[in-house]
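Computed from a predicted structure; not experimentally measured.
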Amino acid sequence: MSAPGVWWVWNRFVSAHVALYRVSGGRIGGTRKGAPVLLLHHLGRKSGRERINPLIYLRDDGDLVIVASKGGSHRHPIWWLNLREMPETTVEVDGRRQRVAVRQTSAEEKAEVWPRLVEIYPPYADYQARSSRDIPVIRLSPA
């Protein structure tokens with residue numbers, strides 16, 4: 001399958017995931033391999049269109065922590081490129097929407113939470129090992 005074909009299928013999968021998550025209040029699609037999943041809203045930095053991505057998260061001191069891994073790709077996920085230009089956004093967690101402030105963690109903060117992120121989702125360790133980039137960790141704090 002060509003790259004555009006792969007992305008077409010992926011985008012349909014994400015749309016179905018979001019729909020099931022919403023209709024079930026997070027009971028369906030609310031976890032991935034046992035790790036909790038939220039829905040991240042962001043605006044396309046070029047198109048201005050609203051986008052929604054399901055992402056694994058970690059709760060930490062009242063914040064939500066997400067990882068811009070893109071499966072260990074050498075490129076950042078589009079949602080992170082969009083989010084870097086947004087000081088605040090919306091997430092859906094457990095069937096509820098909430099506004100959050102967006103901030104990339106420092107190297108020290110990442111080192112502190114990284115073991116816990118790998119604990120809830122072990123593939124993150126492999127993703128970082130195979131990527132040529134330092135995978136960003138993002139903190140979402142209640143706004």
Side-chain angles (χ1 to χ4, degrees), residues 3-4 6-143:
V6 169
W7 288 115
W8 183 89
V9 170
W10 178 253
N11 288 334
R12 296 309 160 276
F13 170 77
V14 168
S15 294
H17 187 154
V18 168
L20 288 170
Y21 186 105
R22 284 183 163 159
V23 78
S24 72
R27 288 184 308 281
I28 300 172
T31 61
R32 167 105 170 101
K33 295 187 178 184
V37 171
L38 58 74
L39 298 182
L40 174 76
H41 294 244
H42 55 101
L43 295 177
R45 66 194 183 289
K46 295 177 184 175
S47 70
R49 292 177 50 198
E50 183 182 38
R51 312 267 186 210
I52 302 171
N53 287 85
L55 298 170
I56 291 170
Y57 71 94
L58 169 73
R59 287 191 188 272
D60 185 57
D61 293 331
D63 292 344
L64 306 171
V65 180
I66 57 176
V67 179
S69 65
K70 196 176 182 183
S73 170
H74 300 298
R75 295 182 178 194
H76 292 304
I78 299 298
W79 66 259
W80 172 232
L81 299 176
N82 292 339
L83 208 60
R84 288 191 308 191
E85 298 183 21
M86 300 175 63
E88 288 187 3
T89 193
T90 301
V91 294
E92 295 177 53
V93 181
D94 301 327
R96 293 186 323 265
R97 286 182 183 225
Q98 75 180 78
R99 292 291 296 168
V100 291
V102 176
R103 180 177 64 80
Q104 182 174 354
T105 62
S106 67
E108 295 79 20
E109 288 175 296
K110 178 181 176 180
E112 186 178 306
V113 297
W114 188 254
R116 291 176 48 215
L117 288 162
V118 170
E119 183 179 320
I120 66 166
Y121 192 69
Y124 283 148
D126 295 331
Y127 297 168
Q128 184 60 83
R130 101 171 142 238
S131 181
S132 60
R133 65 189 171 94
D134 182 32
I135 292 176
V137 171
I138 298 90
R139 186 170 287 276
L140 305 172
S141 304

Can you name the closest pair of heavy atoms from W79 and A68 and give their distance? CZ2-CA, 3.5 Å

Would W114 and V67 satisfy side chain to side chain contact (heavy atoms under 4.5 Å, CB included), going step by step from the backbone distance to the final call? CA-CA 9 Å; W114 188 254; V67 179; 4.1 Å; yes

Using a cut-off of 6.0 Å, state whether more than 12 heavy atoms not belonging to E112 lie near its atom CD. no

Rounded to the nearest 0.5 Å, how far does CD1 of I135 lie from NZ of K70? 11.5 Å

So, D94 and R59, do they make that salt bridge, N to O below 4.0 Å? yes

For Q128 and R133, indicate whether the former's side chain and the latter's backbone hold a donor-acceptor pair under 3.5 Å. yes

Drop me the distance from H76's NE2 to R84's CZ, to the nearest 0.5 angstrom. 5.5 Å

Here the gap from H17 atom NE2 to R22 atom CZ, rounded to the nearest 0.5 Å, amounts to 11.5 Å

Heavy-atom closest pair, residues R130 and G71: NH2-O, 2.6 Å

Going through the checks in order, is the side chain to side chain contact (heavy atoms under 4.5 Å, CB included) test met by L39 and V91? CA-CA 5 Å; L39 298 182; V91 294; over 6 Å; no

Value rounded to 0.5 Å, distance of CD1 in I52 from CG in L38: 11.5 Å

Contact summary for S131 and G72, nearest pair of heavy atoms: CB-O, 3.4 Å

Evaluate the side-chain proximity of V137 to L117: yes if any heavy-atom separation is below 4.5 Å, no if none is. yes

Validation row: K110, D134 side chains within 4.5 angstrom (heavy atoms): yes

A side-chain contact here means heavy atoms from C-beta on lying under 4.5 Å apart; do L40 and L83 qualify? yes

Would R103 and E88 pass as an ion pair if we require N to O under 4.0 Å? no

Show the nearest heavy-atom pair for residues V18 and P54, with the distance to one decimal. CG2-CD, 4.2 Å

Rounded to the nearest 0.5 Å, what separation is found between the CG atom of L55 and the OH atom of Y121? 11.0 Å

side-chain hydrogen bond (donor to acceptor under 3.5 Å, both in side chains), paired with N82, selected from R51, R45, K46, H41: R45

Counting neighbours of CZ on R99 that are heavy atoms of other residues, nucleotides or ligands and sit closer than 6.0 Å, is the number greater than 12? yes

Indicate yes or no: at least one non-hydrogen side-chain atom of R116 is less than 4.5 angstrom from one of D60. yes

Please work out whether the ring planes of Y124 and Y127 are parallel, tilted or perpendicular, with thresholds of 30° and 60°. perpendicular

Hydrogens and angles aside, do H74 and S132 bring a side-chain donor and acceptor to less than 3.5 Å of each other? yes

Side chains of L64 and L58 in contact at under 4.5 Å (non-hydrogen atoms): no

How long is the gap from CG on L43 to CZ on R49, to the nearest 0.5 Å? 11.5 Å

Heavy-atom pair with the smallest gap, counting every atom of P136 and Q104: CB-NE2, 3.6 Å

Is it the case that the side chain of T31 and the backbone of G34 share a donor-acceptor pair, with hydrogens and angles ignored and the cut-off at 3.5 Å? no

Do W80 and I66 have side chains that get closer than 4.5 Å, going by heavy atoms? no

When you compare the side chain of V65 with that of L140, does any pair of heavy atoms fall below 4.5 Å? no

So, the side chain of S141 versus the backbone of D63: is there a donor-acceptor pair under 3.5 Å, distance only? no

